[in-house]
Amino acid sequence: MAKPQLRFAPSPNGCLHLGHALSALVTWDAAKKLDGTAHLRIENIDLNRCKPEFTEAILDDLHWLDLDWPEPVLIQSERFELYADAANRLRDMDLLYPCFCSRTEIAEASVGTDPDGAPLYPGTCRHLSNAARIERLERGDPVQFRLDIEKALNRVGMLTFTVVGPTVLDRPQVRYARPERWGDVVLQRKDVPTSYHLSVVVDDAAQGITHVTRGRDLEAATDIHVLLQMLLGLQSPIYFFHRLLLGDDGEKLSKSKGSQSLRDLRAEGWTAEDVRRAVKF
Ligand code: GLU
């Protein structure tokens with residue numbers, strides 16, 4: 001049987017914090033337990049927020065934690081054409097449609113919230129006529145492309161995926177995916193011809209990832225990934241959702257809230273052992 005392949009896939013839009021350290025340590029530990037390989041992937045499709053200096057800092061922090069990975073490291077910003085190809089396959093199945101709505105328009109017309117608490121897309125542009133679409137595209141209006149979730153689900157029927165836990169060695173369990181709770185998700189953003197969901201699915205398959213280790217905050221998003229794998233005919237990995245580290249406010253750590261970075265902790269004299277202890281690993 002092929003060796004298990006795992007990955008840690010940070011976005012270089014800031015420095016790693018303790019939550020990332022936990023995620024990385026979980027991944028390398030799972031790879032060891034499964035006698036597999038842990039890969040590093042840099043998820044930098046957001047060209048405005050991701051910076052090369054953050055990528056450098058990530059590599060340095062991970063080496064400091066005594067982790068290593070096979071080269072070359074997969075860099076998403078070098079792979080836009082592949083993601084666009086995958087989107088085109090969905091387009092050929094008539095599952096993508098152009099959406100010209102602004103954030104404000106969506107918030108105003110929204111019909112509820114998605115599992116992340118963001119406004120659910122009300123479907124406005126799903127109903128545009130072909131002529132209106134062509135006119136707006138030709139006019140150069142900013143456009144994103146959404147998955148018609150109802151049409152997509154009609155194609156695949158009931159969706160299941162495999163989860164392991166509480167440890168990666170536990171017996172796999174089958175779970176139902178409910179991607180409909182995300183509504184018509186964006187698969188090609190206004191700024192780049194892809195999205196987190198599309199790139200992650202294309203790359204997990206391209207790297208032959210057998211086990212995806214990720215935080216519980218990405219558990220619900222996995223439903224979309226399973227749907228995309230089915231539509232694109234890609235193998236679905238086994239999923240392992242790990243606990244999250246919470247800050248004093250009870251919320252998960254995040255770069256945007258300025259959670260202390262591994263860099264800061266190192267500068268304060270922390271050792272890699274201190275990090276392992278702090279994340280109870
Ligand atoms: N790049 C994502 C993040 O930093 C995680 C990737 C994944 O596990 O899908 O949150």
Side-chain angles (χ1 to χ4, degrees), residues 4-31 38-51 54-55 57-59 61-62 67 69 73-80 83 86 115-118 161-165 168 177 179 182 185-187 189 192 194-229 232 234-246 251-257 259 261-262 279:
Q5 306 293 324
L6 296 89
R7 85 312 192 267
F8 174 57
S11 294
N13 53 11
C15 286
L16 299 184
H17 53 62
L18 287 172
H20 297 106
L22 172 65
S23 199
L25 291 168
V26 164
T27 305
W28 265 265
D29 177 68
H39 298 262
L40 175 64
R41 179 195 307 156
I42 297 297
E43 298 209 328
N44 60 345
I45 60 164
D46 191 329
L47 302 174
N48 289 323
R49 293 173 60 221
C50 293
K51 306 267 181 263
F54 290 133
T55 299
I58 288 172
L59 301 181
D61 286 342
L62 293 175
L67 305 174
W69 49 85
V73 170
L74 189 147
I75 311 278
Q76 288 195 326
S77 60
E78 296 170 358
R79 298 168 56 80
F80 284 123
Y83 309 137
D116 279 350
F161 61 112
T162 307
V163 178
V164 283
V168 77
W182 290 95
V185 282
V186 172
L187 292 189
R189 301 170 14 158
V192 285
T194 188
S195 63
Y196 159 63
H197 297 307
L198 187 61
S199 313
V200 89
V201 162
V202 168
D203 287 344
D204 283 338
Q207 292 188 288
I209 300 300
T210 57
H211 295 71
V212 168
T213 48
R214 57 164 59 136
R216 294 216 174 107
D217 53 335
L218 291 175
E219 199 163 341
T222 304
D223 290 7
I224 295 287
H225 305 169
V226 173
L227 170 61
L228 293 177
Q229 286 153 2
L232 294 167
L234 304 172
Q235 185 79 32
S236 186
I238 293 173
Y239 287 90
F240 175 64
F241 302 112
H242 65 73
R243 68 188 156 89
L244 298 176
L245 281 189
L246 303 182
E251 298 280 323
K252 76 173 175 121
L253 301 183
S254 79
K255 292 168 201 164
S256 55
K257 284 191 305 175
S259 293
S261 67
L262 296 182
V279 302

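Along the sequence shown, residues are numbered consecutively beginning with 1. Atoms within each ligand, like the ligands themselves, are counted from 1 in listed order. Note that these values count all heavy atoms, side chains included, but never hydrogens, waters or copies made by symmetry.
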Of T194, D203, D46, the one forming a side-chain hydrogen bond (donor to acceptor under 3.5 Å, both in side chains) with Q76 is D203
- prompt: Is there side-chain contact between L62 and L16, with heavy atoms separated by less than 4.5 Å?
  reply: yes
Sequence neighbours excluded, the answer for salt bridge (charged side-chain N to carboxylate O under 4.0 Å, His left out) partners of R214 is none
Exercise. Could you tell me whether some N/O pair between T213 and ligand 1 is separated by less than 3.5 angstrom?
Key: no
Counting heavy atoms under 4.0 Å, the part of H225 that contacts ligand 1 is neither
Of R41, R214, E43, H197, the one whose closest heavy atom lies nearest atom 6 (C) of ligand 1 is E43
Is there a polar contact, in the sense of an N or O pair closer than 3.5 Å, between V200 and ligand 1? no
Any heavy atom of L218 under 4.0 Å from ligand 1? The part involved is side chain
For E78, the salt bridge (charged side-chain N to carboxylate O under 4.0 Å, His left out) test, sequence neighbours excluded, returns none
Taking only non-hydrogen atoms of S11 and a 4.0 Å limit, the atoms of ligand 1 in range are 1 (N), 4 (O)
Query raised in the report: Is the backbone of A220 close enough, under 3.5 Å, to the side chain of W182 for a donor and an acceptor to pair up by distance?
Result: yes
